[in-house]
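One structure is given below, encoded as structure tokens.
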Amino acid sequence: MQIKVVMAKLGLDIHWRGALVVSRMLRDEGMEVVYLGNQFPEQIVEAAIQEGADVIGLSTLGGNHLTLGPKVVKLAREKGVDALVIMGGVIPEDDIPLLKEAGIAEVFGPETKVESIATFIREHVGKTIG
Amino acid sequence: MNEASSYFEKKSDVILGKLLKEVENQTANSIEILRESSARKGTAHIVGITGPPGSGKSTLVNKLCKTLAKSGIEIGIVAVDPTSPFTKGALLGDRTRMQELSGLSNVFIKSLATRGNLGGLAPTTADIVQVLDAYGKELIIIETVGVGQIEFDVLEIADTVVLVNVPGLGDSLQTLKAGIMEIADIYVVNQADRPGADESVRDLKMMVREKLQENWEQPVLKTIATNNEGMIELIDQIQRHKEFLLHSNRWDEKRKTRNLTRLNHLMIQSLNNEVDSYIRRKQGIQIKIQQVKEGKLDPYTLSDHIVEQLIKKHGGM
Ligand code: B12
Ligand SMILES: Nc1nc2c(ncn2[C@@H]2O[C@H](COP(=O)(O)OP(=O)(O)OP(=O)(O)O)[C@@H](O)[C@H]2O)c(=O)[nH]1
Ligand SMILES: [Mg+2]
């Protein structure tokens, strides 16, 4: 089955290049990527509901990963959305365990290879425990 | 899944999202959902927005719906973008331009990829529209992919077709030869802040005069979607066209035609599946198919033979 990804730039973060690069890469891997642009957690979850997303991708290089990232997972689970939530961008090592504890399945830093993101998605999609 | 009917009673975006996902992926459950929605559909005004790539369709839908949503009307948007023929993946970017609609509880947006369809829409577009209709959406807007000259699928589904052009594209020659130019009920020259808008409007008006529809003179409007200019006029014309359809009985006719079209599509689909599974089971036919492939047997004879056998199997005509 086609994998549908909802990709957002988290909050007001201005660095859009990474989100777009990853969106294109995932398209080239055969996935359908709905690109939202900049959005806050409520709107990201709303879009995931409407689009029937299998994966929610969050891109952040602006330092808001800890304040907004966990909120996306919490809202999604409250609404019964079991999509896989992944994150990428510039994120300090020390924060990664906190993000994972909050339900972010994986965090991808600068210079991540496409294949590793696509492989991770294929291996984990549809297996999220709500 | 016998709960399909109860799902339609509940009216929640979460449930609607799940129903649409089943339909989009043509799962086994989707048949039940479609059967149920078929009985409940029929009241939504379905508006198709089409036009060349980058003409401003998504921006226009964003502004239109931002104004329309204020009245509290329930709006569904189906935005179609192309699937890459090489990777089968798609980047669905229409929604990015509709950011002003996020957070509005009476607007529901679904993005679809064409998944190999060539007519400017996704294979499940009609089904998705039907479910939205059955779910109580009063206005459903379909944004097609950026079209060239041959993508007409939206005609089969929409009540009102709006063609979004840009200045320059409507130059006389292009206007005369392009079939797609003749299908619309309402013409829009968007990006009217760019040079040549008035000429495009003039050319379009001239073309319209030659292709007048019965009792409906297709209006030609100028808009600047990015500045929210011309939206009220466009909304007026869309509403006026709806009333025209209702008063001239075309509203009902279109729905009846659509019911038949759907029946035809479904029959062809079932027949295809039936033929596929039949020939897969028949060793003898497999051998003959191989002969056609090698060019030793002509395809006409074999095709006739297979259909004949299939009809016999079902007790003849
Ligand atoms: C280019 C750039 C800018 C450009 C942005 C252009 C644009 N529109 O994209 C400009 C000049 C505008 C800019 C502005 C700022 N920037 Co800047 N910028 C960068 C820089 C040099 C490169 C970013 C980039 O485009 N990389 C290329 C892309 C392809 O890589 P990427 O985004 O990392 O994406 C990869 C992975 O992270 C991952 N990925 C990314 N997103 C996602 C999403 C998912 C779902 C997945 C799976 C993977 C994934 O996959 C991608 C491919 O491998 C970085 C430094 C750096 N080396 O990262 C700083 C950097 C990100 N910027 C930084 C800062 C501080 C700023 C400013 C605040 C500076 C200021 N004081 O004005 C402002 C931001 C204002 C704001 N509101 O956000 C800091 C961030 C520090 C932090 N977060 O703790 C950095 C790290 C520089 C630094 N070392 O200090 N910046
Ligand atoms: N100058 C000007 N630019 C506009 C106007 N309307 C839209 N645009 C810009 O045109 C570009 C394309 O707009 P979209 O709304 O994405 O066009 P589209 O027809 O949906 O594009 P596809 O879906 O890719 O076919 C964007 O950069 C818009 O900001 C307008 O009235 N004037
Ligand atoms: Mg568009």
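Lettering of chains follows the sequences in order, A, B, ..., and the numbering in each one begins at 1.
Of the possible donor and acceptor atoms, none in the side chain of A:Glu46 sits under 3.5 Å from a partner among the backbone N and O of B:Phe108. Not one N or O on the side chain of A:Glu42 forms a donor-acceptor pair closer than 3.5 Å with the backbone of B:Gly103. Side chain of B:Lys110 to main chain of A:Glu51: a donor-acceptor pair is present (N/O by atom type, distance under 3.5 Å, no hydrogens or angles). Although no hydrogens or angles enter the test, the distance criterion places no donor-acceptor pair under 3.5 Å between the side chain of B:Ser102 and the main chain of A:Gln43.
Atom NZ of A:Lys9 sits about 13.0 Å away from atom OG1 of B:Thr96, to the nearest 0.5 Å.
When all heavy atoms are compared, the tightest approach of B:Asp13 to A:Ile49 is O-CG2, 3.4 Å.
Under a cut-off of 6.0 angstrom, the local environment of CD in A:Glu78 is crowded, with over 12 non-hydrogen atoms contributed by other residues, nucleotides or ligands. Other residues, nucleotides and ligands place no more than 12 heavy atoms under 6.0 Å from the NZ atom of A:Lys71. For B:Lys11, the NZ atom counts as densely surrounded, since its 6.0 Å shell holds more than 12 non-hydrogen atoms of other residues, nucleotides or ligands. Heavy-atom neighbours of A:Glu93 CD from other residues, nucleotides or ligands within 6.0 Å: at or below the threshold of 12.
Side-chain atoms of B:Glu24 and A:Glu32, non-hydrogen and from C-beta on, do get closer than 4.5 Å to each other. For the pair B:Lys21 and A:Lys4, the minimum side-chain heavy-atom distance is 4.5 Å or more. Residues B:Lys88 and A:Met31 are not in side-chain contact: their nearest non-hydrogen atoms beyond the backbone lie 4.5 Å or more apart.
Both the backbone and the side chain of A:Ala47 come within less than 4.5 Å of a heavy atom of chain B. Contacts of A:Gln50 with chain B are made by both backbone and side-chain atoms, with heavy-atom separations under 4.5 Å. Heavy-atom distances place the side chain of B:Arg115, and not its backbone, under 4.5 Å from chain A. In this structure, chain A has no heavy atom under 4.5 Å from any part of B:Val23. When heavy atoms are compared at a cutoff of 4.5 Å, B:Asn25 approaches chain A solely by way of its side chain, counted from C-beta outward. B:Leu16 does not touch chain A: none of its heavy atoms, backbone or side chain, sits under 4.5 Å away.
Checking B:Asp81, B:Leu92, B:Leu91 one by one against A:Val33, the side chain to side chain contact (heavy atoms under 4.5 Å, CB included) holds for a single residue, B:Leu91.
Contact count versus chain A (heavy atoms, under 4.5 Å) is highest, among B:Ala113, B:Ser111, B:Gly17, for B:Ser111.
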Carefully, step by step, assess B:Thr87 and A:Glu29 under the rule side chain to side chain contact (heavy atoms under 4.5 Å, CB included).
CA-CA 7 Å; B:Thr87 67; A:Glu29 287 284 325; over 6 Å; no

